[in-house]
Number of protein chains: 2
Amino acid sequence: MPEKCVDLIFADPPYNLQLGGELTRPDQSRVDGVDADWDRFASFDDYDLFTHDWLAACRRVLKDTGTLWVIGSYHNIFRVGTVLQDQGFWILNDITWRKTNPMPNFRGTRFANAHETLIWASKSQDQKTYTFNYEAMKALNDGVQMRSDWVLPICTGAERLKDGHGEKAHPTQKPEALLRRVLMSSTNPGDVVLDPFFGTGTTGAAAKQLGRRFIGIEREETYVRLAEARLAKVIPFDPAAREVTRSKRQEPRIPFGWLIERGLLEPGTMLFDPKRRWAAKVRVDGTLVCDGTTGSIHRTAAQIQGLDACNGWTFWHFDVEGRLIPIDVLRQQLRAELN
Amino acid sequence: MPEKCVDLIFADPPYNLQLGGELTRPDQSRVDGVDADWDRFASFDDYDLFTHDWLAACRRVLKDTGTLWVIGSYHNIFRVGTVLQDQGFWILNDITWRKTNPMPNFRGTRFANAHETLIWASKSQDQKTYTFNYEAMKALNDGVQMRSDWVLPICTGAERLKDGHGEKAHPTQKPEALLRRVLMSSTNPGDVVLDPFFGTGTTGAAAKQLGRRFIGIEREETYVRLAEARLAKVIPFDPAAREVTRSKRQEPRIPFGWLIERGLLEPGTMLFDPKRRWAAKVRVDGTLVCDGTTGSIHRTAAQIQGLDACNGWTFWHFDVEGRLIPIDVLRQQLRAELN
DNA sequence: CGGCCAGTTGAATCCCGCC
DNA sequence: CGGCGGGATTCAACTGGCC
């Protein structure tokens, strides 16, 4: 695979570090845990080397502007996080996936292990131009910014893939809703997503639904076949519906002066702060005259508040029949016209 | 300190935030961050050595039947967890402290960092006779097994210690409720609790309340004096009294976007007002496209009705075989699932 | 005394492009 | 690569004053 060709990596690395004997429920029935051969490591050192290897390979193919997600539990996530940091990845968030329906602790010896941890990281501390669809995440959360704790059920029911015998096909199949949230937060339509531990292809399913391209790597042929069959049946969402709200930062910039140029604001119009304590006159070049000084909408607003900076778009208002309207609505109007 | 004399250790080790510039809120007020000198480390290696040293010292004084708690955030917790495992500690749980009132992400660049992580560990894999008051935790949780995610507010108000000038005395004072839950879960009355980073003595306060003995180690004289004054005022709980059961939390908020995420509503679905005069298309981030504009269910409904606000849950309906069903029924359904 | 409103604050790895 | 400046950005809980 060529260098720096991937926009996002999602990885659910295997581990088997702490499984002692067999786990039984109080009624002595056996719990079908995770004990596939591919999941076994002899020591922490072995696991660290494995982690170092696959993360280095991911680093090589990830674009500088790309980000990496890893999911794990307390068995392995601390080691993964340490190696990540050692390789220069810069952690942006750790996310707690709070499971609504986890397996209880049958023995009553510990707290019910009811969450898993995701780490979201960029390639380096300096790289600040990663994709984060802040507004989409905020919209998804009813207008309140999304937090680092996500409440989602584990994968059960029809979504959970079965093998030929009606048993679950994969021990740790992730819910598609989790992957959709990951992809929606940190990719754009058309981006290339890589999952180096593809399993039964949940990452691919979410990517196909959302109109992202994807690459999956999987060693077990059984899983590959299951994933292929699964992905063939996935129906992408309506292309119009999968568009998300873009952050203002990524929208084309609308300079204040354009409002005057385009006639949305007359030169000479008086602007006011929300409480009508201050007034400013709009000049033809988009500067304001306020209290004897001139400057941009931002500078004048900042000067009044006696601070370093200020968002003039929300500070300054114009008068319509006695009511004050923020000038930002004019920007929205112009932005709509320019689309 | 003699070997193996301590029943429980609770540690909140310092770490270096590597702060860049000054952080300001959107209203340009300054955030009073953590930048104490004692909190700085030059490199990951330095931090790992520091962690290795204090954990080894803890290991020496901890009884074989004792357990250790460490609290941290993504900046340091992965390194702490790795060193713990390397020294032979056996992780029993990782606990997510979900803060009800965290500081938001002011710049919209990441998810709000709304939780911290605690690791609970015994001295070795073989040691199975540690203290875990399963029934007490279950009782504290309304008769349901306590999970690995704890919802508690951060320390504010009267509990938050102030210095002489009315400023917060310690940058990271933990809530006593958190420490009480820790001590209640994994110690018995009379046990000896050690806190090697005592700060203003929250661990001591909780221990005194619950009738546990404690040892605190603190380098900063200011904190030592504050802790002494604080602890003198702490009144132990009535030995016969039991922790009161917390009232049930208010109904969890269900963001509209979750319906799409969880598959209760397909992206691209058309919604209608009760009289089918208007139609809107559901997008993947939970916004609606209606008559050329986009917005939340509430905003679109309000725009149509020409009002300041509107309850979109009752305004918008989806079509099932020609009949219109309000989307609110889906919210009720999801709320039931999330309980 | 209570309700309402405005103001304050908390472990935070918190912008980006142009010159 | 550093400096400069435009411009984007916040949630829940508590406090205190006023009516």
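Quick note on labels: first sequence line is chain A, next is B, and so on, each numbered from 1.
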Counterpart base for C/dC18, defined by Watson-Crick or G-U wobble contacts under 3.5 Å:
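C/dC18 is paired, partner D/dG3.
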Watson-Crick or G-U wobble mate for D/dA8, both contacts under 3.5 Å
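No nucleotide pairs with D/dA8.
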Using only side-chain N and O atoms of B/Lys168, determine if any of them is under 4.0 Å from OP1 or OP2 of C/dT9.
no
For DNA chain C, whose closest nucleotide is more 5', that of A/Arg249 or that of A/Phe89?
A/Phe89
Considering only atom [atom1], compute the distance from [N] to [M] and round it to an integer number of Å.
N: C/dC1; M: D/dG16; atom1: C1'; answer: 15 Å
N: D/dA8; M: C/dA11; atom1: C1'; answer: 24 Å
N: C/dT8; M: D/dT10; atom1: C1'; answer: 13 Å
N: C/dC18; M: C/dC14; atom1: P; answer: 23 Å

Any residue in residues 101-115 of chain B with a heavy atom nearer than 4.0 angstrom to DNA chain C? Just list them by number, or reply none.
B/Asn101, B/Pro102, B/Met103, B/Pro104, B/Asn105, B/Phe106, B/Arg107, B/Thr109, B/Arg110, B/Asn113
By the rule that syn is within 90° of 0, classify the base conformation of C/dT13 as syn or anti.
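Classified syn.
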B/Ser43 vs B/Asp45, side chain to side chain donor-acceptor pair (under 3.5 Å): CA-CA, chis, key distance, verdict
CA-CA 5 Å; B/Ser43 68; B/Asp45 274 348; 5.3 Å; no
Mind checking whether B/His170 and B/Tyr223 have parallel, tilted or perpendicular rings, split at 30° and 60°?
tilted
Donor-acceptor pair under 3.5 Å, B/Arg25 side chain vs C/dG10 base:
yes
Do B/Tyr15 and the base of C/dA11 stack face to face, with centres under 5.5 Å apart and an angle between planes under 30°?
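The base of C/dA11 is stacked with B/Tyr15 (centres under 5.5 Å, planes under 30°).
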Does A/Glu135 reach a base, just sugar-phosphate, or nothing at all? Heavy atoms under 4.0 Å.
sugar-phosphate
Quick one about A/Trp316 and A/Thr300 (side-chain donor to acceptor, distance below 3.5 Å, no hydrogens or angles considered), yes or no?
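Result is yes, a qualifying pair exists.
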Verify whether one side chain among B/Ser148 and A/His115 offers a donor that lies under 3.5 Å from an acceptor in the other.
yes
